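Atoms within a ligand are numbered from 1 in the order they appear, just like the ligands themselves. The model shown is predicted, which means the values in this text are computed figures rather than measured ones.
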Amino acid sequence: MNNYVYEVGNNLYINLTNQCSNDCFFCIRNGHDEMNGTNLWLEKEPTVADVLAQLPDDLSKYDEVVFCGFGEPTYKIDMLHELGKFFKSKGKVTRINTNGQANLVFGEDVCEKLVGAIDKVNVSLNASNAKEYQRICKSIFGEDSFEAMLEFAHRCQDLGMDVIMSVVDIIGKDEVDACQKLCDERGLKLRVRAFE
Ligand code: SF4
């Protein structure tokens with residue numbers, strides 16, 4: 001079965017794609033096809049109707065609807081727009097967890113498609129500079145992906161979304177400190193996550 005919808009804690013997660021422009025060494029997809037007992041590897045990517053068909057009847061118990069899944073959700077930017085607006089019409093807070101490379105994937109600025117659909121944008125920063133980012137994340141776009149990711153974050157912030165950059169603590173204290181300095185200089189918020 002393709003699991004397009006799953007729960008983590010008090011949040012409802014939406015799984016739209018396996019595709020990703022990165023190949024991060026810490027990605028949970030490495031050697032796994034499930035999370036918390038839910039198989040997230042998709043044999044078929046969903047339509048909007050496929051996602052809606054798997055939604056629970058009662059959305060009221062969820063704090064947030066999070067577009068995350070096994071791949072990079074912005075590969076499905078039009079679905080994010082449509083589904084995000086649907087969940088907003090139901091009064092839900094919406095979030096994407098993203099690598100911030102959508103504008104490289106599409107070759108144009110697609111951030112406006114998130115306006116009115118997505119409240120929170122969690123961007124994986126992962127490193128303090130382009131060279132280290134590419135070593136960790138192995139983007140198909142090479143080192144250019146780092147600056148493009150920062151520009152994506154700024155663009156979403158300018159468009160009114162609540163943007164938070166994130167790093168995983170396994171990168172080490174010096175790198176975490178350098179990421180904090182970078183975010184301070186760029187006017188971005190940073191969250192440090194514990195590696196699980
Ligand atoms: S950006 Fe996310 S989904 Fe893509 S490889 Fe990295 S951790 Fe995995």
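A search for ring-ring contact (aromatic ring centres under 6.0 Å, His included) contacts involving Y133 returns F146, not counting sequence neighbours. In terms of the side chain to side chain contact (heavy atoms under 4.5 Å, CB included) criterion, residue partners of N2 (sequence neighbours excluded) are, by chain and number, Y4, L42, E43, K44. By the side chain to side chain contact (heavy atoms under 4.5 Å, CB included) test, K76 pairs with L16, T17, Q19, E45, M79, sequence neighbours left out.
Between K92 and D63, none of the side-chain N atoms (NZ, or NE/NH1/NH2) sits under 4.0 Å from a carboxylate O, so this pair counts as no salt bridge. Between R155 and D109 there is a salt bridge, since a side-chain N of the basic residue sits under 4.0 Å from a carboxylate O of the acidic one.
For the residue pair T98/E72, the side-chain donor-acceptor check at 3.5 Å is satisfied.
Looking from atom 3 (S) of ligand 1 to the surrounding protein, the closest heavy atom is F70 O, 3.7 Å.
No donor-acceptor pair under 3.5 Å is formed between the side chain of Q54 and the backbone N or O of N3.
Any protein N/O/S atom under 2.8 Å from atom 4 (Fe) of ligand 1 was counted, giving 1 altogether.
Atom 8 (Fe) of ligand 1 lies below 4.0 Å from at least one non-hydrogen atom of the protein.
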